[in-house]
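In what follows, a structure is listed as structure tokens, so that the remarks can point back to it.
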Amino acid sequence: MLDNRDVNDAVRPADPTPPASSSTTDGTGPRTRPRTGSRLYPRVTSFRSRRGALTPNQQKSWDRTWPLIGREVADEPLDADTWFGRPAPLVIEIGCGTGTATAEMAQAEPHLNLIGIEVYQPGLAQLVQRIERDEIGNIRLLRGDAVDVLENMIAPGSLTGVRVFFPDPWPKARHHKRRLLQPATVALIADRLRPGGVLHVATDHADYAEHIAAVGAEEPLLVGLNETTGGVSAQHRESAPIGFERPVTKFESKAHRAGSAINEFIWGKIE
Ligand SMILES: C[S@@+](CC[C@H](N)C(=O)[O-])C[C@H]1O[C@@H](n2cnc3c(N)ncnc32)[C@H](O)[C@@H]1O
């Protein structure tokens, strides 16, 4: 089994420099997670180290387009408006995989600036190809750990939406600590959302769904906007700042074929 050092090194291969002191999390709120994600103190991560080669076409596309729309996760605050070349409501998608949902949602919501965050380069490379092919202008990509992005790159109260579709369920009990959606991460997400901003989560894993429901219900900054979270979606669907609809990805189709129920959680940050 991989230890924490293996997993963290997978996305931080060569830079031995200790990070600058945390500027955005210290003092921004009492309930954000401690600075355990630095290179000096690797934390348990929600992803596994996976290597995969790009196809020659993916590599060409990557070389052409990644420098324009992609960045490695860093310890510095992100100026999203400048990166996108326009001010617009900012939505992040954590673990965007191959980006099927990212691309379709960006096309359906051209008024939003959308950042896909993923550790797995071949997944990002597929999305880069799609962005090139369909000339999608409102997506930017970050490669690395989304928790680092939330902690170090995103200012409190600055996100209009956070999407987490089919986070890795880590089904074995001894791996539950690796699940992304823990109280500290949900508190961090809630802190980064602006009042009225939306957290949208979907999972096909029944046990993780129970865990997510409990964690979300305990977060005092969030209120339920759909039936699963104790709200009434019809009352919020029209006024919410991001769409509640979600395209079905290949990953989700597999879950449907396996007979798994999909649980959908939509919360809003208290105004
Ligand atoms: C089960 S896949 C789902 C992919 C996609 N959302 C979908 O619905 O098809 C979960 C993805 O989350 C990514 N991931 C897990 N933890 C992450 C983290 N902390 N930061 C960025 N990506 C992460 C994994 O690499 C993986 O690609």
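Remember, it's 1-based here, ligands and their atoms both numbered in the order they're listed.
A donor-acceptor pair is defined here as one N or O able to donate and one able to accept, closer than 3.5 Å; such a pair exists between the side chain of Arg179 and the backbone of Pro169.
Residue-ligand proximity: Arg50 is placed with a non-hydrogen atom under 4.0 Å from ligand 1.
For atom 9 (O) of ligand 1, the closest non-hydrogen atom of the protein is Phe251 CB, 3.4 Å. Considering only non-hydrogen protein atoms, atom 15 (C) of ligand 1 sits nearest to Asp168 OD2, 3.5 Å. Nearest protein heavy-atom neighbour of atom 1 (C) of ligand 1: Phe166 O, 3.0 Å.
Considering backbone and side-chain N/O atoms, Ser46 comes within less than 3.5 Å of an N/O atom of ligand 1. Ligand 1 has an N or O atom lying under 3.5 Å from an N or O atom of Ala146, backbone or side chain.
Partner His200 forms a side-chain hydrogen bond (donor to acceptor under 3.5 Å, both in side chains) with one of Glu93, Glu264, Arg163 and no other, that one being Glu264.
By the salt bridge (charged side-chain N to carboxylate O under 4.0 Å, His left out) test, Glu238 pairs with no residue at all, sequence neighbours left out.
Less than 4.0 angstrom separates some heavy atom of Gly144 from each of these atoms of ligand 1: 20 (N), 21 (C). Under a 4.0 Å criterion applied to the non-hydrogen atoms of Asp145, ligand 1 contributes the atoms 18 (C), 19 (N), 20 (N).
The closest heavy-atom contact to atom 14 (N) of ligand 1, among the options Gly99, Ala255, Gly95, comes from Gly95. The nearest non-hydrogen atom to atom 18 (C) of ligand 1, considering only Phe47, Phe165, Tyr120, Trp170, comes from Phe47. In this structure, of Glu118, Arg48, Arg179, the residue bringing a heavy atom nearest to atom 25 (O) of ligand 1 is Glu118.
Listed by first and then second residue, the side chain to side chain donor-acceptor pair (under 3.5 Å) pairs involving residues 117-126 amount to none (not counting sequence neighbours).
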